[in-house]
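We name chains A, B, ... by the order of the sequence lines, and we start the count at 1 in each one.
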There are 2 protein chains.
Amino acid sequence: MPEPLDPDMFAGCADHTPLPVRVGDKWTAKILVCLRDGPRRFSELQVPLAPVTPKVLTESLRAMERDGLVTRTAYPGIPQRVEYSLTDLGHSLFAPLAASCAWNAAHGAELRKARDAYAER
Amino acid sequence: MPEPLDPDMFAGCADHTPLPVRVGDKWTAKILVCLRDGPRRFSELQVPLAPVTPKVLTESLRAMERDGLVTRTAYPGIPQRVEYSLTDLGHSLFAPLAASCAWNAAHGAELRKARDAYAER
DNA sequence: CTGTATCCCTGTGGATACTG
DNA sequence: CAGTATCCACAGGGATACAG
C-alpha cells in the first residue's frame, strides 16, 4: 500500500520531461554521436544525417550552441568553412545517452513485442 | 583528425531519437515516477500531474500500456475503480531515467547558465 | 560551402463539454 | 469515477528556393 502521492512532487521540475533538455528531439542525439570523435563541418554532418534539411540542421546546431553543448568556429575564406565541436558539457551527455542506448539494447525487442501483441486487437 | 563519418551510421536506428520510446514526451516519465511505489488509480494520478486533462492522461496511459510499460486493471462496481501499475519492463526504465536525472543534477545549472549568457546577445 | 527565407503539414497536447 | 467526444492552438519539422 503506497503512501498517497504528493500533490507537489513535480513542483520543482521544469514543465517538460526530466530528460536532459532538447535531447529528446529528433536530431540532437545523432549530432552528438557525429561530433563524438572530433570537429565536423556542416556539410560533413549532412551526410550521415540525411535527409535532414539545412534549415533544420542549422536550427538544431544553434539550439545546442545556445545550451553550451557545441561550439561553432568559422574560418574565413572561399569557400566558407565552419566547424562544429562538442564542449565538455556536450561530451557529458554521453553518460545518460549510453544508459538509454543500453536500455534499448536490453529491452527494445520486448517493447516492440508488446506493441505488436497489442496491435493484434 | 577523425575518420570520415559513415554515411550509414544511423541505418539501423529508428527514425527518432535513440532514447527509449515515448519517454521523451511530456508525461510518460512523470507517470513512471507516480507509479514507482505501487498501483495508482486514475484520479490519484491526476493530482500530482495537474493540470493534465483526462484526455491526455488517458492517451499517455494507453500508449504506455501498448508498449508493455503499465497494466490496467478495472474493478467492477459503482463507483468504477481502475488501477494502473508498472510492469517489470516499466520498472526497468528507471535505470536510464536515473542517469538523465543525475545529469540534470550535475550539469543542469551549467546549461541554464550557458543559455542565459547566449541570451545576452 | 553554409546557410536564410517562405510556406506548409502534422502531431502533440490542451479546453471544454458530456457519458456509462 | 473514469473516461469520450469535439474542436483547436502551437511548435517541430520539412520542401523548396535563394543568398553571401
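B:Val47 and B:Leu35 fall into different hydrophobic clusters, where Ile, Leu, Val, Met, Phe, Trp and Tyr residues are linked whenever their side-chain heavy atoms come under 4.5 Å apart, directly or through other members.
For the pair A:Ile78 CD1 and D:dG20 P, the interatomic distance rounds to 13 Å; values are reported in whole Å. Per the geometry, OH belonging to B:Tyr75 stands 20 Å off C1' belonging to C:dG20, to the nearest Å. Distance A:Arg40 CZ to C:dT2 P: 13 Å, rounded to the nearest Å. The separation between B:Leu49 atom CG and C:dG14 atom C1' is 15 Å, rounded to whole Å. The nearest whole Å value for the distance from the CD atom in B:Gln46 to the C1' atom in C:dG14 is 14 Å. A straight line from CH2 of B:Trp27 to C1' of C:dG13 spans 9 Å, rounded to a whole angstrom. Here the P atom of nucleotide D:dG3 and the CD atom of B:Glu83 are 12 Å apart, to the nearest Å. Rounded to an integer number of Å, the gap from B:Glu59 CD to D:dT6 P is 14 Å.
Taking 4.0 angstrom as the limit, A:Arg41 places a side-chain polar atom (N or O) nearer than this to OP1 or OP2 of C:dT2. Between A:Thr53 and D:dG14 there is no side-chain N or O to OP1 or OP2 distance below 4.0 Å. Residue A:Arg62 places at least one side-chain N or O closer than 4.0 Å to OP1 or OP2 of C:dT4. Distances shown here put every side-chain N or O of A:Arg72 at or beyond 4.0 Å from the OP1 or OP2 atom of C:dT2.
Contacts of A:Tyr84 with the nucleic acid, taken as non-hydrogen atoms under 4.0 Å apart, involve only primed sugar atoms and P, OP1 or OP2.
Within 6.0 Å of CG in A:Asp116 there are more than 12 heavy atoms belonging to other residues, nucleotides or ligands.
With a 4.5 Å cut-off on side-chain heavy atoms, A:Leu45 and A:Leu61 count as touching.
No cation-pi contact links A:Arg66 to B:Tyr118, judged by a cut-off of 6.0 Å to the six-membered ring centre and 45° from its axis.
Which of C:dC1, D:dC1, C:dG3 sits closest to the side chain of B:Ser43 comes down to D:dC1. Closest approach to the A:Gln80 side chain among C:dG14, D:dG14, C:dC1 is made by C:dC1 (side chain taken as heavy atoms from C-beta onward). Considering only the side chain of B:Pro54, D:dT4 comes nearest among D:dG13, D:dC1, D:dT4.
Between A:Arg36 and A:His91, the closest heavy-atom pair is O-CE1, 3.5 Å.
Contact annotation: side chain of A:Lys55 to base of C:dG3, donor-acceptor pair absent below 3.5 Å.
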